[in-house]
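Reviewing the structure listed below.
Convention: sequence-line order gives letters A, B, ...; per-chain numbering from 1.
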Amino acid sequence: MAPQYWLMKSEPVKYSIDALARDKVTFWDGVRNYKARNLMRDDMKVGDQAFFYHSNHKPSAVAGIMTIASAAKPDPTQFDVDNHYYDEKSDPEKPRWWAVDVKFSRKFDNPVSLADVKADAALSDMALVKMARLSVQPVRPAEWRRVLKLAGED
DNA sequence: GCCAACGTTGGC
DNA sequence: GCCAACGTTGGC
């Protein structure tokens with residue numbers, strides 16, 4: 001199957017694309033939304049590409065590209081009582097929350113802002129617009145190419 | 001299974 | 001900081 005495309009959000013105050021550029025690879029922990037989890041656990045494949053989206057930022061924008069670098073693994077933060085993402089209802093025998101490793105690919109010189117996306121007729125059906133609160137979402141190939149074009153990366 | 005109350009995300 | 005959208009929880 002052809003590689004699929006995704007968009008994954010992070011608040012840059014918490015973890016930015018510059019942090020990923022420094023770390024090279026990171027585990028995308030802390031996702032506590034079932035749809036987002038299902039996409040990571042069931043649908044992502046090693047080698048898929050994902051946009052790194054900076055949410056809650058000025059401006060919020062697609063900041064660059066990363067590659068899915070592992071199959072989904074249980075998120076250890078769910079079992080750590082001291083962690084912000086601790087989930088007392090998750091059973092270690094049957095973990096509730098999963099996430100993948102992502103690998104830095106590149107950072108855009110010209111990030112594509114949410115306003116840019118909303119202003120572009122070809123992107124009006126993007127999940128970023130239609131499902132604003134979903135933090136891991138699929139991107140159609142045509143949308144992927146269009147965002148790259150807006151970023152001047154094609 | 002419905003739905004009101006509540007909590008969180010994230011744009012503005 | 002506000003608040004709309006919407007996901008989750010829990011009472012019934």
Salt bridge check: are A:Arg146 and A:Glu143 linked by an N-O gap of less than 4.0 Å? no

*Between A:Phe51 and A:Trp144, does the ring centroid distance fall short of 6.0 Å?*
yes

Rounded to whole Å, CG of A:Leu128 lies from C1' of B:dT9 at a distance of 13 Å

*Would A:Arg140 and A:Asp125 pass as an ion pair if we require N to O under 4.0 Å?*
no

In whole angstroms, the gap separating P of C:dA5 from CD of A:Gln137 amounts to 18 Å

Rounded to whole Å, the NZ-P distance (A:Lys118 to B:dG10) equals 13 Å

Checklist entry - Base, sugar-phosphate, or nothing for A:Lys89, non-hydrogen atoms under 4.0 angstrom? => result sugar-phosphate

Of A:Asn56 and A:Met131, the one whose closest nucleotide on DNA chain C sits nearer the 5' end is A:Asn56

Note: for A:Tyr85 and A:Ala115 on DNA chain B, the residue whose nearest nucleotide lies more 5' is A:Tyr85

Per atom distances to the A:Leu114 side chain, the nearest of B:dG11, C:dT8, C:dA5 is B:dG11

From CG of A:Asn33 across to C1' of B:dG10 the rounded distance in Å is 13 Å

Taken to the nearest whole Å, NZ/A:Lys9 to P/C:dA5 is 15 Å

Taken to the nearest whole Å, CG/A:Leu134 to P/B:dT8 is 18 Å

Rounded to whole Å, the NZ-C1' distance (A:Lys35 to B:dT9) equals 14 Å

side-chain contact (heavy atoms from CB on, under 4.5 Å) with A:Leu123: of A:Val129, A:Val117, A:Val139, A:Asp116, only one passes, and it is A:Val117

Between CZ of A:Arg133 and P of C:dA4 the distance, given in whole Å, is 13 Å

- Query: Has the side chain of A:Arg32 got a donor or acceptor that lies under 3.5 Å from a partner of the other kind on the base of B:dT8?
  - Reply: no

Taking 4.0 Å as the cut-off, does a side-chain nitrogen or oxygen of A:Tyr53 come that near to OP1 or OP2 on B:dG11? yes

- Any A:Lys14 side-chain nitrogen or oxygen under 4.0 Å from OP1 or OP2 of B:dT9: no

Ranking C:dG7, B:dG11, C:dT8 by distance to the side chain of A:Tyr34, first place goes to C:dT8

When the aromatic ring centroids of A:Phe52 and A:Trp28 are compared, is their separation below 6.0 Å?
yes

Closest to the side chain of A:Arg96, out of B:dC12, C:dA5, C:dT9, is C:dT9

